[in-house]
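Chain letters run A, B, ... following the sequence lines, proteins first, then strands; residues in each count from 1. A quick note: this is a predicted structure, and the numbers were derived from the prediction, not measured. Computed over heavy atoms, backbone and side chain alike; hydrogens, waters and symmetry mates excluded.
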Number of protein chains: 2
Amino acid sequence: MRKTRPGGRTARTRALVFAAVEALLEEKDPGAISMVEIAGKAGVAATSLYRRWGDARSLLTEVAVGALTREAPLPDTGSLREDLRAWARTIAATLSDPQKSIFFRVYVGAVPRSDKEAVGRARALRTRLQQIDAMLERARMRGEVNLNPLEVTDHLLAPLYMRALFGAPADADFAEGLVDYLLQGDHGAYVNVADVS
Amino acid sequence: MRKTRPGGRTARTRALVFAAVEALLEEKDPGAISMVEIAGKAGVAATSLYRRWGDARSLLTEVAVGALTREAPLPDTGSLREDLRAWARTIAATLSDPQKSIFFRVYVGAVPRSDKEAVGRARALRTRLQQIDAMLERARMRGEVNLNPLEVTDHLLAPLYMRALFGAPADADFAEGLVDYLLQGDHGAYVNVADVS
DNA sequence: TCCTTAATGCTAATTAATTTGCATTAGAGC
DNA sequence: GCTCTAATGCAAATTAATTAGCATTAAGGA
């Protein structure tokens, strides 16, 4: 006998609620969004939200994680440099709209409340890390430079996202410059992906 | 005739409130800290807090900005490489305690509500940027490598802080590795500090 | 020292958030 | 279909957050 009923109504409610939260994030501060407000926009009873998510903060982070992990697949142009350049340009363009970095803000703004929660947050990003790994593996197979995913996150993603958080400009040229910078660095010290998973 | 009275009681109240907020941040989630709670711990009337800061979120960010801008002065060892290494090690050690990254989380988690607020946030960090500039200027004067502050923030600070936000480990070796990486990069494209101020 | 009033304190009123208890609806297995 | 019950809805009760109004305190200039 099943313990939960994830299909049908449950899924529909979840979709309605998530859409409502994303809509509300367009128009106001995450901290100013209440359960009652979400319930109203979603056409759902507020008590349902309290039962399923406990509080607004949990719901908000779940929505943020969802948004961050349903990003487009990584480029596959046949050249690592071009893959990275295309991806970096996309990120820079996306983050240039302050509204788009809101999910990221919500994610990092929420302090992990427990080890269990911290693990869940990390797992949410592991998929993306694996996609990066696949892209790098393709490059290795082609005999191109041997990079590891953490080098990409440290030297390509970190500067882009950090600039977004601080409101510093990051245009396409800057994004491509990071790629060039990354591809000429010393890649001696290999750090295992397991460290971050 | 004066319009405000910043001295005496006002300053004392402010100090009490800030201390209370910092103490509360030690023990619980930023989003779970209420004005009444802060008032209680500070021994101040809640109405005073509402009057001076409007809401908890504004107060919290003001405290976070304060904490982030009263960091220790940068190293001055006579060698840029050693300056950067020492600083990077300090940051890595500091951020290894999740509690220490809480101010950073509060800062980035708060979405700037207006252009005016965004300017205020940027100004808060400008002092630090100027300190970095001074450190790099000393290196230039000694005939060492010519770096600009944004290269330091992009390639040294960004990876360290980003790892802290995502809970990825960042030890002293990693921190020093970033410095080596930074000092062997191509520093052709100079980006003016004004871009980020 | 005395005056003016900014800043704070205190209490009550108001408003919003959250919980509780029970009724209703609709997945999912048979 | 039929049954069981997870998931939801609804309304009342409770609790917490916020505002309003007035009294009190103390900075800071004269």
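In terms of phosphate contacts, Arg12(B) brings a side-chain nitrogen or oxygen within less than 4.0 Å of OP1 or OP2 of dA27(D). Close to dG9(C), at under 4.0 Å from its OP1 or OP2, lies no side-chain N or O of Thr47(B). In this model, the phosphate group of dA7(D) is not approached by any side-chain N or O of Ser48(A) to a distance below 4.0 Å at OP1 or OP2.
Comparing atom distances between the Arg9(B) side chain and each of dA17(C), dA6(C), dT18(D) picks out dA6(C) as nearest. Closest to the side chain of Met35(A), from the set dT8(C), dT8(D), dT18(C), is dT18(C). When each of dT8(D), dT20(C), dT8(C) is scored by its nearest atom to the side-chain atoms of Thr10(A), the top-ranked nucleotide is dT8(D). The side chain of Tyr50(B) approaches dA17(D) more closely than any other nucleotide in the set dT8(D), dT25(D), dA17(D).
Following rounding to the nearest Å, Leu16(A) (CG) and dT8(D) (C1') show an atom-to-atom distance of 13 Å. Between Glu37(A) atom CD and dT18(C) atom C1' the separation is 16 Å, expressed in whole Å. In this structure, Arg52(B) atom CZ and dA7(C) atom C1' are separated by 8 Å, rounded to whole Å. Going from atom CG of Asp55(B) over to atom P of dT15(C) covers 20 Å, rounded to whole Å.
No donor-acceptor distance shorter than 3.5 angstrom exists from the side chain of Glu82(A) to the backbone of Asp76(A), with no hydrogens or angles considered.
Ring planes of Trp53(A) and Phe18(A): tilted class, angle from 30 to 60°. Taking the six-membered ring where the residue is Trp, Phe104(A) and Tyr161(A) present tilted rings, their angle falling between 30° and 60°.
Toward the 5' end of DNA chain C, the nearer of the two residues Arg14(B) and Val36(A), judged by each one's closest nucleotide, is Arg14(B). Comparing Ala32(A) and Gly43(B) along DNA chain C, the residue whose closest nucleotide (by nearest heavy atom) sits nearer the 5' end is Gly43(B).
At the heavy-atom level, Arg51(A) lies under 4.0 Å from base atoms of the strands shown.
By the rule that hydrophobic residues join a cluster once side-chain heavy atoms approach within less than 4.5 Å of another member, Val36(A) and Val21(A) end up as members of separate clusters.
The shortest distance between side-chain heavy atoms of Asn148(A) and Glu151(A) falls below 4.5 Å.
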